[in-house]
Amino acid sequence: PPQPEWRYYHESSWRGKSAPSGTTGEFPSSVDDIFQEGGKPLKSTKSWGFVEDADGKIVSEAVMGAIRAHATHFILGMEQTLGTENMPESWDRWAPLYWRNSLINSIEEAFPILTFCAGHWKAAQVAIAMYAQWKKNRKNQLKKRQDTKQEPEPEEEVLSKIRAEKRPAD
């Protein structure tokens, strides 16, 4: 049987360097491809449109959500193992090779549609995007925790309160 022609087999076609005719590397070539059944637009078309099924069609938002959830679960497991303070600043430059390869293998095993490309670039792109999102969310969570902590009272105020509590009532 003939192999389907995936628009984004090579990363360069997604990035727009040598996109197939009628595409920019950013959006699908067919307007029909950006809609789910029932005419509902895909939310992730711009950033996740490279995720194609075996027939070269962009996968549903539900599948993209499952891919995101899987990658996030992996990253949370990595955080438990390494500790928040030891997590790399960015995925593509600083994540240890063991973790990068493990996440790519895990995503591709769970979602074989991410293997419809050269050089594992689709799974790597998912990992980069999801790690950046996780990192941003984690920084915001830590900042909120710090913002909600009260400033410690000065030592003199604490001592005054203790003395006041120890004084006998009149």
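Worth knowing before you read on, the calculation uses all heavy atoms, side chains too, and leaves out hydrogens, waters and symmetry mates. Keep in mind it's a predicted model, so treat the numbers as computed, not measured.
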Does W99 form a side-chain contact (heavy atoms from CB on, under 4.5 Å) with L82? I'd like the steps, not just the answer.
CA-CA 11 Å; W99 289 104; L82 297 178; 3.9 Å; yes
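- For L142, the side-chain contact (heavy atoms from CB on, under 4.5 Å) partners two or more places apart in sequence, or in a different chain, are T84, R138, R145.
- Shortest non-hydrogen contact noted between V59 and I113 is CG1-CD1, 3.6 Å.
- In the hydrophobic clustering of ILVMFWY residues, with side-chain heavy atoms under 4.5 Å counting as a link, I104 and M64 come out apart.
- With rounding to the nearest 0.5 angstrom, the OG1 atom of T81 is 11.0 Å from the CG atom of L76.
- For residues 105-120, no pair satisfies salt bridge (charged side-chain N to carboxylate O under 4.0 Å, His left out), with sequence neighbours left out.
- In this structure, the separation between OG on S102 and CZ on F74 is 5.0 Å, given to the nearest 0.5 Å.
- Panel note: side chain D55, backbone K57; no donor-acceptor pair is recorded below 3.5 Å.
- Sequence neighbours left out, the pairs with a member in residues 117-126 that pass salt bridge (charged side-chain N to carboxylate O under 4.0 Å, His left out) are E52-K122.
- A118 meets the side-chain contact (heavy atoms from CB on, under 4.5 Å) test with Y9, H10; sequence neighbours excluded.
- A centroid separation of 6.0 Å or more is found between the aromatic rings of Y8 and W121.
- Across A71 and I107, no two heavy atoms sit closer than the pair CB-CD1, 4.1 Å.
- Judged as a salt bridge (Lys or Arg N to Asp or Glu O under 4.0 Å), and not counting sequence neighbours, K136 has no contacts.
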Scan the side chains in residues 88-97 for donor-acceptor partners under 3.5 Å anywhere in the protein, sequence neighbours excluded, and list what turns up.
from: E89; atom 1: OE2; to: K139; atom 2: NZ; distance (Å): 3.2

Is there a side-chain contact (heavy atoms from CB on, under 4.5 Å) between M87 and Y131 once you walk through the steps?
CA-CA 10 Å; M87 293 295 280; Y131 190 79; 3.4 Å; yes
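- For the atom pair CD1 (I128) and CG (L103), the distance works out to 10.0 Å, reported to the nearest 0.5 Å.
- With sequence neighbours excluded, the residues satisfying side chain to side chain donor-acceptor pair (under 3.5 Å) with N137 are Q133.
- Legend: ring pair (Phe, Tyr, Trp, His ring centres under 6.0 Å) pairs involving residues 52-71, not counting sequence neighbours, sorted by first then second residue: H70-F111.
- Atoms CD1 and CG, on I67 and L114 in that order, are 4.5 Å from each other to the nearest 0.5 Å.
- The two residues G49 and I58 make their nearest non-hydrogen contact at O-CG1, 3.5 Å.
- R68 places no side-chain N or O within donor-acceptor distance of the main-chain N or O of M130, the cut-off being under 3.5 Å.
- Between E79 and K135 there is no salt bridge, since no side-chain N of the basic residue sits under 4.0 Å from a carboxylate O of the acidic one.
- Between N101 atom CG and S106 atom OG the span is 12.0 Å, to the nearest 0.5 Å.
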